Amino acid sequence: MKRNSVFAVAREAMRQHSGWGRTWGNPEAKKAYDVVIIGAGGHGLATAYYLGKNFGITNVAVIEKGWLGGGNTGRNTTIIRSNYLQDPSAALYEKARSLYETMSQDLNYNVMFSPRGVMMLAQTHHEVRGYQRTAHANSLQGVKTEFISPARVKELCPIINIDGPRYSVLGALWQARGGSARHDAVAWGYARACTDMGMHILQKTEVTGITQSGGNVTGVDTSRGHIACKKLGMVVAGHASVVANMAGFQLPIESVPLQALVSEPIKPCMDVVVMANTVHGYMSQSDKGEMVIGGGTDAYNAYTQRGSFHHLEETVRALIETFPMVSRLKMLRHWGGIVDVTGDRSPILSKTPLGNTFINCGWGTGGFKAIPGSGWGFAELMAKGESPLTDQFGLDRFRAGRFIDESVAAGVAH
Amino acid sequence: MLILNCPYCGCYKDETELSAGGEAHLKRFGPGASDAEFEGYLFGRVNPKGVHFERWRCASGCGKWFHAARCTATLEVFGTYKAQTLKPPQAIKDAISAKRPGWTWRDFS
């Protein structure tokens, strides 16, 4: 793979950009691999990347039903933060956030990470107390956050109306080193680096069954035929229950649509990410100038990748109260993704009842921010059978009652 | 937008007038049950892509709980029925079979 650099840009500028080549490969499937990962989204590709980089395992295939990064990786609102309440979550998300800081250099691919700062508005007295508690917890965990005053909120984000009609802004939890990144580039960068290590990314290859013998996985049946493997990783987000069902076990997961929308591009007006959990909306401005807006999940299970209209209405109504200037904006696109929500709103990175099979799912409404940390920990779990990052996130916690309860800490926008 | 017919009051209700109650026909386990049974009751969910049975409440109408048979892949509604039953009535199962031959959901088919 050619290295990307300023010299490469200059060289290609001289020859009409004819020499860039493919970013990732499109190989024929082999009959067998050491490791097969189902799902070429951010988490699946990051897992493959760290299997190769940290453990030297490169005989790997990443199998994707659709196109690379076309699921939730390409549908989220690209918020990166690690201001979680519980210790295991803070460790995992902070690992991810710190890996994002050097990801462009590490992958030699510009993921446009922008540590512009994330603020979560406190608009009720309960939220004030909750976020002050989170800020205290974060300082013990080594995650840099602070609780800031309404005046500071207004200073950081002048377009906010801090004296709203329903819920005035009483403060905010501020993480200055949070931010956003280009979500597609994260998937593309990992795919490029995986291809560089000789891994196979098999797009338009649907897994139709999982073969096993003596309690251990032996391979997967796909639309391209049977592919044997020694270890299997399932990283399929919304379809986790469907794939787990093929392997013969059930998950504590419900799949529901989550929606997002973007406005027409406007001039730069907001250089932070703002989340308003009480009124149910969050917003940031993309490099193109579009206002990127996230909403709430539907109340019932669906796999349709579109959500109910009334949730959009609620989200937009809330944002107009908090940001009066957006009331005249036209919305450009709107879409949905299927998120896999667990009972305690924390992810599952775990061994499974089927031998040599591992599952990474349950990221619910907030998986993008975790991609590098999730891949780092899950690769270690797959390679060594244990990982300090993922040990608390096993499936057994639901039987033991040892939950990592983040639903209160994170509110709705997670 | 989902519209369901309440089998008690007969009203057609928009999803904003209803409360979704999650998976139907869960068997409750309590004191004396094994950890696995209790875990399954609390957290184990079919979460299918296709035919699904759910509990709903006619929140802005008669207030009663009822069951709905629905497809989670297409949002098609096969029918609703009263909650005082451990399994879907034959008419609902026939309505599903007409559109999804060979369907299964837990022990039902």
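Chain A is the first sequence line, chain B the second, and so forth, proteins listed ahead of strands; every chain is numbered from 1. This one's a predicted model, so the numbers in the text were calculated from it and none came from an experiment.
- In this structure, B:Lys64 is positioned above the aromatic face of B:Tyr8, its NZ or CZ under 6.0 Å from the six-membered ring centre and within 45° of the axis.
- Ranked by heavy-atom pairs under 4.5 Å with chain A, the first of B:Arg70, B:Glu54, B:Glu23 is B:Arg70.
- Ring orientation note: the planes of B:Trp105 and B:His52 are tilted relative to one another, at an angle of 30° to 60°.
- In terms of heavy-atom pairs under 4.5 angstrom with chain A, the leader among B:Asp14, B:Leu42, B:Thr74, B:Leu2 is B:Leu2.
- With values rounded to the nearest 0.5 angstrom, A:Arg166 atom CZ is found 9.5 Å from A:Thr278 atom OG1.
- Contacts of A:Ile253 with chain B are made by both backbone and side-chain atoms, with heavy-atom separations under 4.5 Å.
- Nearest heavy atom pair, residue B:Phe53 against residue B:Val51, reads CE1-CG1, 4.0 Å.
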